[in-house]
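Throughout, numbering of the chain's residues begins at 1 and tracks the sequence.
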Amino acid sequence: MDNLEQKIIGITFGIRFNRSFRIPEISGEIIDDILYSSKTPFGTKFFPRIQEMRREKILVNDETTEYLRINTDDLILGLEVKNNFEDRFNFLSNDVLNYFKDILFKNYDLKNIRRVGVIFAHKIDCDKSIDEAVRVLTKNKIDSVDNVNISFSKKSPATEALYRKGVNDYKNTIYNLIELEGAVLAELDYQYYYTPPIEDLRECFVDKILFDAKAFLQKNYYDWLKSVEVKNAKN
């Protein structure tokens, strides 16, 4: 399980805001900005195709599997990673986030941010970690299964960072292990909830949250995966 960062295959970044039924009415303008604005970090080469649904528009790149979805509740961006995690993370935390904060959310009056989150998806080799997890969860009654899909989460108050006082903000970290054919998809979903919501994305300290998520990935999540592997090696 060494070099886990090199096994990252994707980053998903999402922003949830209070439901707004005006989004479908202005989604065409938003998409035009993302594709054609001189300040966009994307463009038509980044997203060559558009999918239109009733309350959602999706920009898609079929070659890279990258996408951007905008609907009444969320904006979700999926980025592909191919042994270039630092470059893609920096692209997200600098170019993309600045565009979202200073242009897109500001110009199109997207307000009342409820949650931001980032998912780091890894494709790792099959090993004993899955079977060990099954044994623990079933109290050794089942020692090996197929098609495993395990998910658990941990909620914690956001007090250690002291982002803002007098509120009920909290973090939620979700661990997903999904068995694929010949591999395992291991995901860390790091979420920050604003309670109450913050009106302006520029005041949501998202850059801080992104770097905290990255630090949690490297210092906590990877230690967990590696500790499971060490335990298996001793058995």
Q: Give me the ring orientation class for Phe42 and Phe91: parallel if the planes are under 30° apart, tilted from 30 to 60°, perpendicular past 60°.
A: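 Perpendicular, since the angle between the ring planes exceeds 60°.
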Q. Stepwise, does the side-chain contact (heavy atoms from CB on, under 4.5 Å) test hold for Phe85 with Glu5?
A. CA-CA 7 Å; Phe85 171 68; Glu5 201 170 89; 3.4 Å; yes
Could you tell me whether the side chain of [Y] reaches within less than 4.5 Å of the side chain of [X], counting heavy atoms only?
X: Thr72; Y: Ser20; value: no
X: Leu79; Y: Thr12; value: no
X: Ile178; Y: Val184; value: no
X: Ile119; Y: Asn176; value: no
X: Tyr193; Y: Val116; value: no
X: Asp207; Y: Leu97; value: yes
X: Lys57; Y: Arg69; value: no
X: Asn84; Y: Val81; value: yes

Any Lys/Arg nitrogen of [X] or [Y] sitting under 4.0 Å from an Asp/Glu carboxylate oxygen of the other?
X: Lys214; Y: Glu86; answer: yes
X: Arg19; Y: Asp73; answer: yes
X: Asp62; Y: Arg49; answer: yes
X: Lys208; Y: Asp212; answer: yes

Between [X] and [Y], is there a donor-acceptor pair closer than 3.5 Å when you use the side chain of the first and the backbone of the second?
X: Asn61; Y: Thr64; value: yes
X: Thr173; Y: Lys154; value: yes
X: Arg88; Y: Glu80; value: yes
X: Thr40; Y: Tyr36; value: no

Nearest heavy atoms of [X] and [Y], plus distance in Å:
X: Gln191; Y: Ile174; answer: NE2-CD1, 3.7 Å
X: Leu75; Y: Phe17; answer: N-CE2, 3.9 Å
X: Tyr192; Y: Asp169; answer: OH-OD2, 2.9 Å
X: Ala183; Y: Lys123; answer: CB-CE, 3.8 Å

Q) Going through the distances and angles, do Leu77 and Leu92 end up as a side-chain contact (heavy atoms from CB on, under 4.5 Å)? A) CA-CA 9 Å; Leu77 171 68; Leu92 170 62; 4.3 Å; yes
Gap separating the [atom1] atom of [X] from the [atom2] atom of [Y], nearest 0.5 angstrom:
X: Glu29; Y: Asn107; atom1: CD; atom2: CG; value: 10.5 Å
X: Ile30; Y: Ile103; atom1: CD1; atom2: CD1; value: 13.5 Å
X: Ile124; Y: Ile8; atom1: CD1; atom2: CD1; value: 12.0 Å
X: Leu35; Y: Leu68; atom1: CG; atom2: CG; value: 9.0 Å
X: Phe120; Y: Glu187; atom1: CZ; atom2: CD; value: 12.0 Å
X: Leu217; Y: Phe89; atom1: CG; atom2: CZ; value: 9.0 Å

Q | Co-membership, hydrophobic cluster, residues Val167 and Ile209, 4.5 Å side-chain | A |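 Val167 and Ile209: separate clusters.
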**Q.** Test side-chain contact (heavy atoms from CB on, under 4.5 Å) applied to Ile70 and Ile15, Ile31, Ile26, Leu59, the passing residue
**A.**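 Answer after filtering Ile15, Ile31, Ile26, Leu59: Ile31.
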Q) Taking only residues at least two apart or on different chains, which pairs with a member in residues 92-112 satisfy ring-ring contact (aromatic ring centres under 6.0 Å, His included)? A)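 Qualifying pairs, neighbours excluded: none.
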Q: Measure from the ring center of Phe216 to the ring center of Trp224 and say whether it is less than 6.0 Å.
A: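 Ring-ring flag for Phe216/Trp224: false, centres at least 6.0 Å apart.
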Q | Centroid separation Tyr221 to Tyr190 less than 6.0 Å | A |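 Here the rings of Tyr190 and Tyr221 have centres that are no less than 6.0 Å from each other.
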Sequence neighbours left out, cut at 3.5 Å: what donor-acceptor pairs do the side chains of residues 195-205 make with other protein atoms?
from: Glu199; atom 1: OE2; to: Lys111; atom 2: NZ; distance (Å): 3.4
from: Asp200; atom 1: OD1; to: Arg202; atom 2: N; distance (Å): 2.9
from: Asp200; atom 1: OD1; to: Arg202; atom 2: NE; distance (Å): 3.1
from: Asp200; atom 1: OD2; to: Arg202; atom 2: NE; distance (Å): 3.2
from: Asp200; atom 1: OD2; to: Arg202; atom 2: NH2; distance (Å): 2.7

(Q) Please evaluate residues Tyr175 and Ser151 with respect to the criterion side-chain contact (heavy atoms from CB on, under 4.5 Å), reporting the C-alpha separation (whole Å), side-chain torsions for both, the decisive distance (0.1 Å), and the verdict. (A) CA-CA 6 Å; Tyr175 296 66; Ser151 179; over 6 Å; no
**Q.** side-chain contact (heavy atoms from CB on, under 4.5 Å) between Leu185 and Leu177, intermediate numbers included
**A.** CA-CA 6 Å; Leu185 178 65; Leu177 290 174; over 6 Å; no
Q. In the hydrophobic clustering (ILVMFWY, side-chain contacts below 4.5 Å, transitive), which residues join Tyr67, or is it alone?
A.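 Once heavy-atom contacts under 4.5 Å are chained together, Tyr67 belongs with Met53, Ile58, Val60, Ile76.
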Q | Pair Tyr222-His122, ring-ring contact (aromatic ring centres under 6.0 Å, His included): steps then yes or no | A | CA-CA 11 Å; Tyr222 287 163; His122 308 68; 5.4 Å; yes
**Q.** Distance under 6.0 Å and angle within 45° of ring axis: Lys155 vs Tyr170
**A.**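 Verdict for Tyr170: a cation-pi partner in Lys155.
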